[in-house]
Amino acid sequence: MEGGRKSDKESLFTEVKFTCPRCGSDQIIKDPNTGELVCASCGLILSTGMVDTDKDWRAFDADEYMDRAHTGAPVTPTRSGYGLDSDIAMTSGLSRKSVQTLRRTHRHVSDAREKAVEPALRKIRLAAETLNLPPETVEDAAMLYRKAAGEGLVKGRSMDAMVAAVIYAACRRTDVPRSLEEVASLFNLKEKEVGRSFRFLFRKLGIRIPPPKPENFVYAICAKLGLPERVATQAIRILKIARQQGATMGREPVGVAAAAIYMASQEFGEHKTQRELAQAAGVTEVTVRNRYKELLAKVHKLWLEQLPEDLKKQMASFRESAEGQ
DNA sequence: AAGACGAAAGTGGTTGA
DNA sequence: TCAACAACTTTCGTCTT
């Protein structure tokens with residue numbers, strides 16, 4: 001590979017020593033224009049909503065403090081019993097015998113439900129680890145599975161396909177860019193099978209899942225190609241205009257993303273071939289080319305017009321120094 | 001020679017009758 | 001169930017640098 005050039009190229013990962021609270025990746029990129037910190041792995045914007053580990057309540061005197069304090073194990077749908085166990089105490093007012101009866105009934109009902117979903121939840125947790133999913137996504141997947149199981153949609157279907165489907169759905173709902181192919185192959189399933197379960201699920205549950213945004217794929221593709229953050233930032237600008245212009249409708253989001261990156265990289269003199277972009281995005285050269293053509297027609301001019309003067313000059317100088325090499 | 005571009009034919013999914 | 005359709009892929013030839 002062209003190892004020599006890489007050192008004088010601006011590093012994609014500026015020395016930010018954060019790790020992503022969602023996926024744990026340390027590939028955090030800083031957007032020079034907005035100052036936002038973005039995770040290159042899962043696309044989460046960090047700086048506008050850093051995790052607040054403080055209390056979620058305030059107290060103005062000691063009594064209030066005692067009153068409002070609540071602690072204990074976090075509630076999570078990813079574990080059976082939501083990570084909580086409940087029991088019925090031997091309190092006064094009830095005979096020993098009725099407490100025992102109550103306990104037995106309670107255990108019977110909750111155990112039966114929990115036992116039914118436990119293997120699936122275990123699979124979800126395992127898959128999440130391999131796919132490097134943030135907790136938010138894992139919880140959503142677990143929640144969806146519980147909902148599906150609760151409505152009897154799981155019976156008689158392949159558990160793996162259902163688990164894969166809820167994981168994919170959760171990724172979509174929480175803006176984590178994982179492809180159907182990635183999720184399906186983890187379970188040795190075909191895209192088609194998972195896709196079918198996915199559609200069945202959200203049709204039956206009445207859940208609306210918007211198509212993935214092309215922006216979600218930008219940082220992952222740029223990271224694969226070692227493109228600097230300024231290219232990623234502008235690609236996202238291009239994609240925002242593209243959406244306003246209706247240039248993303250009905251198009252494969254990842255293909256549009258690749259084309260936008262191609263466009264931005266050219267303006268910055270960061271030459272990558274259409275083939276390289278296509279490979280990084282997992283589409284063909286022709287798709288990149290066609291999306292690029294559409295972006296040229298509908299977006300390119302608007303994008304350049306909206307750019308601040310100093311950034312235009314910056315682009316020109318980057319292009320010149322690239323040509324000089 | 002490498003990369004960009006375009007045309008033509010084929011593929012697999014979706015939609016509506 | 002089937003045909004029509006849109007988006008995408010594969011393949012290949014031509015043009016440009």
Whole angstroms only, please: what is the [atom1]-[atom2] distance between [X] and [N]?
{"X": "A:Glu193", "N": "B:dG12", "atom1": "CD", "atom2": "P", "answer": "16 Å"}
{"X": "A:Lys272", "N": "B:dA2", "atom1": "NZ", "atom2": "P", "answer": "17 Å"}
{"X": "A:Arg196", "N": "B:dT14", "atom1": "CZ", "atom2": "C1'", "answer": "14 Å"}
{"X": "A:Asn290", "N": "C:dT11", "atom1": "CG", "atom2": "C1'", "answer": "14 Å"}
{"X": "A:Arg291", "N": "C:dC8", "atom1": "CZ", "atom2": "P", "answer": "4 Å"}
{"X": "A:Glu285", "N": "C:dT10", "atom1": "CD", "atom2": "C1'", "answer": "11 Å"}
{"X": "A:Arg275", "N": "B:dA1", "atom1": "CZ", "atom2": "P", "answer": "15 Å"}

*Give DNA chain C the dot-bracket treatment, 5' to 3': Watson-Crick (N1-N3 with N6-O4 or O6-N4) or G-U (N1-O2, O6-N3) under 3.5 Å, [ ] crossing, | other strand.*
|||||.|||||||||||

For the pair [X] and [Y], find out whether any cationic side-chain nitrogen is under 4.0 Å from an anionic carboxylate oxygen.
{"X": "A:Lys204", "Y": "A:Glu151", "answer": "no"}
{"X": "A:Arg230", "Y": "A:Glu270", "answer": "yes"}
{"X": "A:Glu193", "Y": "A:Arg196", "answer": "no"}

_Sub-4.0 Å heavy-atom contacts from residues 250-264 of chain A onto DNA chain C, ordered by number_ = A:Gly250, A:Arg251, A:Glu252

*Give a yes/no on whether any side-chain N or O of A:Gln274 is located under 4.0 angstrom from OP1 or OP2 of B:dC5.*
yes

*Ignoring hydrogens and angles, state whether a donor on the side chain of A:His271 or A:Glu276 is under 3.5 Å from an acceptor on the partner side chain.*
no

*Check: A:Tyr292/A:Gln266 side-chain N/O donor and acceptor closer than 3.5 Å*: yes

*Nearest to side-chain heavy atoms of A:Tyr292, which nucleotide of B:dG3, B:dC5, B:dA7*: B:dC5

*Give the minimum heavy-atom separation between A:Thr284 and A:Ala278, together with the two atoms involved.*
C-CB, 3.5 Å

_Side-chain donor/acceptor of A:Arg275 to backbone N/O of A:Glu285, under 3.5 Å_ = no

_Looking at A:Ser265 and A:Ile261, would you say the former's side chain and the latter's main chain have a donor-acceptor pair under 3.5 Å?_
yes

*asked:* Taking the nucleotide of DNA chain B with the nearest heavy atom to each, does A:Arg199 or A:Lys293 sit closer to the 5' end?
replied: A:Lys293

_For A:Ala169, give me all partners under side chain to side chain contact (heavy atoms under 4.5 Å, CB included), at least two apart in sequence or on another chain._
A:Leu144, A:Phe198, A:Ile209

*Does the base of B:dG6 carry an N or O that pairs as donor and acceptor with the side chain of A:Arg289 under 3.5 Å?*
yes

